[in-house]
Amino acid sequence: MLPDEDALYRELSEIGLGHWRKSLEHCLAARLADTAHGDLPKWRATIAALPAVRDAKIQLERDVLSICAKSLTAQDAQRIAETLRELIPWRKGPIRVFGTDIDSEWRSDLKWNRLKNGIGSLSGRNVLDVGCGNGYYALRMLGAGARCVIGIDPGLLFVCQFLALKKLANITHAHVLPLRLEDLPADAAIFDTTFSMGVLYHRRDPLQHLRALKSTLRPGGELVLETLVLPGDGKAVLIPDGRYARMRNVWHLPSVAQLQDWLAAAGFAESNLLHVGRTTTAEQRTTEWMPFESLQEALDPANSAQTVEGLPAPTRAAFLCRNA
């Protein structure tokens with residue numbers, strides 16, 4: 001059970017999804033059973049070891065998500081930092097917790113800053129964040145005025161990282177659930193904005209994913225789609241033979257023009273390109289809080305414009321799409 005499950009169902013009811021409770025209760029119970037992942041009992045214990053800090057406040061509007069509290073001693077803050085290290089690797093950030101910087105693999109603030117002026121106001125909107133990771137973007141959405149943010153991600157470690165932050169800062173109106181898009185009840189067309197960032201290229205059937213995203217949106221709702229693309233003009237799709245940038249599960253890299261065709265075929269009324277650019281090692285890298293291989297190891301050491309497999313280096317594009 002999620003520690004804030006009652007608050008989750010109360011918020012779902014307020015946005016017209018109270019009837020989801022029965023199906024979600026069953027799904028969440030299965031996903032959060034101790035047998036779901038060998039490390040889940042350890043991660044639960046880590047969260048339990050964290051204090052609920054009475055006067056903690058979180059700053060959501062700045063690049064670094066920051067939790068602070070006047071009541072904490074330096075010794076208490078250090079103990080919390082050591083506890084959070086039990087949840088390494090941290091993929092998305094940056095996050096500062098009582099003076100300790102969690103230097104994540106991704107400088108997620110850079111992506112958010114590329115998007116925030118193009119996606120329009122989130123004020124008062126109900127938002128779904130698909131593949132949300134540890135909730136960094138969900139919290140930035142909340143800071144941008146969203147009424148309620150529901151994040152979903154099958155990665156249990158990421159869910160536990162969010163729950164740790166939520167316990168420390170008493171975060172409200174944002175939830176991260178251990179679900180895939182296909183786990184949501186079919187009648188999900190309630191969201192004003194849906195985000196799918198870094199997900200599409202992991203789906204075997206990209207059109208099916210785009211249609212499923214569309215099905216979460218109210219009429220006139222907006223999709224923010226960010227994904228890997230194939231550089232160059234014209235319509236083309238790269239289907240990697242084996243790994244791409246050392247990743248096993250990259251199925252399709254469409255060109256921008258091809259992806260816009262897919263979006264039209266999925267039924268979106270329009271799609272506007274917000275940004276396209278190559279990912280750099282300043283944005284994705286190995287850190288103390290993510291000490292494993294990262295983008296640098298995925299690039300050809302003699303030619304950073306290529307992956308180690310000899311394919312075009314990772315280029316990402318973002319689109320704002322409107323539901324009919």
Side-chain angles (χ1 to χ4, degrees), residues 1-12 24 27-28 31-32 36-37 39-53 56-68 80-81 83-98 100-106 108-109 111-112 126-144 146 148-181 183-184 194-199 289-290:
M1 176 181 288
L2 294 170
D4 62 344
E5 200 162 354
D6 287 340
L8 165 68
Y9 294 128
R10 186 165 56 251
E11 291 211 65
L12 287 177
L24 285 188
C27 191
L28 291 174
R31 292 290 165 81
L32 292 170
H37 191 291
D39 286 327
L40 187 55
K42 180 184 74 173
W43 297 333
R44 286 186 193 276
T46 297
I47 296 169
L50 293 169
V53 183
K57 296 181 180 179
I58 185 166
Q59 170 60 252
L60 300 174
E61 294 83 12
R62 298 176 182 172
D63 290 346
V64 181
L65 293 175
S66 298
I67 302 174
C68 60
I80 289 171
T83 302
L84 292 175
R85 287 182 182 277
E86 298 298 318
L87 300 177
I88 284 175
W90 289 76
R91 300 283 183 180
K92 293 181 181 179
I95 304 166
R96 182 174 297 131
V97 180
F98 306 127
T100 294
D101 287 313
I102 298 177
D103 189 14
S104 56
E105 177 186 16
W106 281 92
S108 304
D109 56 309
K111 182 184 296 186
W112 183 253
N126 298 316
V127 179
L128 177 67
D129 186 7
V130 178
C132 66
N134 64 11
Y136 173 87
Y137 293 117
L139 293 175
R140 295 302 304 271
M141 296 165 197
L142 199 63
C148 174
V149 184
I150 305 297
I152 57 174
D153 197 294
L156 290 176
L157 175 59
F158 305 144
V159 174
C160 289
Q161 289 171 350
F162 176 80
L163 292 177
L165 298 175
K166 189 160 190 170
K167 182 178 181 181
L168 290 171
N170 192 29
I171 296 164
T172 59
H173 305 300
H175 306 270
V176 169
L177 309 178
L179 304 174
R180 297 177 173 85
L181 183 57
D183 295 322
L184 295 183
T194 292
F195 286 77
S196 173
M197 299 193 292
V199 178
W289 289 79
M290 206 301 293

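No hydrogens, no waters, no symmetry mates; every other heavy atom, side chains included, goes into these values. Bear in mind that the values here come from a model prediction, so they are computed numbers and not experimental data.
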Going by heavy atoms in the side chains, are [X] and [Y] under 4.5 Å from each other?
| X | Y | answer |
| --- | --- | --- |
| Asp109 | Pro94 | yes |
| Asn134 | Leu165 | no |
| Leu65 | Arg140 | yes |
| His175 | Tyr9 | no |
| Arg31 | Leu177 | no |

**OP:** I would like to know whether Leu179 and Leu28 meet side chain to side chain contact (heavy atoms under 4.5 Å, CB included); could you show each step before the answer?
**Re:** CA-CA 8 Å; Leu179 304 174; Leu28 291 174; 3.9 Å; yes
Original post:
Which pairs count as salt bridge (Lys or Arg N to Asp or Glu O under 4.0 Å) when at least one residue sits in residues 161-170, sequence neighbours excluded?
Top reply: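 Checked against salt bridge (Lys or Arg N to Asp or Glu O under 4.0 Å) - neighbours excluded - the pairs reaching residues 161-170 are Asp4-Lys166.
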Original post:
Which pairs count as salt bridge (Lys or Arg N to Asp or Glu O under 4.0 Å) when at least one residue sits in residues 87-97, sequence neighbours excluded?
Top reply: Arg91-Glu105, Arg96-Asp101
Counterpart residues, side chain to side chain donor-acceptor pair (under 3.5 Å), relative to [X] (two or more places apart):
| X | answer |
| --- | --- |
| Asn170 | none |
| Ser108 | none |
| Thr194 | Thr216 |
| Arg85 | Glu288 |

Output the distance between atom [atom1] ([X]) and atom [atom2] ([Y]), rounded to the nearest 0.5 Å.
| X | Y | atom1 | atom2 | answer |
| --- | --- | --- | --- | --- |
| Leu24 | Leu8 | CG | CG | 7.0 Å |
| Leu84 | Gln161 | CG | CD | 9.0 Å |
| Lys42 | Leu40 | NZ | CG | 11.0 Å |
| Cys160 | Asp39 | SG | CG | 9.5 Å |
| Trp106 | Asp103 | CH2 | CG | 14.0 Å |
| Leu168 | Leu163 | CG | CG | 11.0 Å |

**OP:** Would you please classify the geometry between the Trp90 ring and the Trp289 ring as parallel, tilted or perpendicular, with 30° and 60° separating the classes?
**Re:**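 Rings of Trp289 and Trp90: perpendicular, over 60°.
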Restricting to non-hydrogen atoms, name the atom on [X] and the atom on [Y] that form the minimum distance, rounded to 0.1 Å.
| X | Y | value |
| --- | --- | --- |
| Ile95 | Tyr136 | CG1-CD1, 4.4 Å |
| Phe162 | Ala174 | CZ-O, 3.6 Å |
| Ala81 | Thr100 | CB-OG1, 3.4 Å |
| Val176 | Gly135 | CG2-CA, 4.1 Å |
| Gly131 | Val199 | CA-CG2, 3.9 Å |

Could you tell me which residues satisfy side chain to side chain contact (heavy atoms under 4.5 Å, CB included) with [X], sequence neighbours excluded, listed by chain and number?
| X | result |
| --- | --- |
| Ala56 | Val53, Ile67, Ala69, Phe98 |
| Cys68 | none |
| Glu61 | Gln59 |

**OP:** Return the set of residues passing salt bridge (Lys or Arg N to Asp or Glu O under 4.0 Å) with Glu11 (not counting sequence neighbours), or none when no residue passes.
**Re:** none
**OP:** Not counting sequence neighbours, which residues clear ring-ring contact (aromatic ring centres under 6.0 Å, His included) with Trp43? List them please.
**Re:**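 Scan of Trp43 (ring-ring contact (aromatic ring centres under 6.0 Å, His included), adjacent residues dropped) gives His37.
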For residues 149-158, which side-chain N or O atoms pair as donor and acceptor with protein atoms under 3.5 Å away, sequence neighbours left out?
residue	atom	partner	partner atom	Å
Asp153	OD1	Gly155	N	2.8
Asp153	OD2	Cys132	N	3.4
Asp153	OD2	Gly133	N	2.8

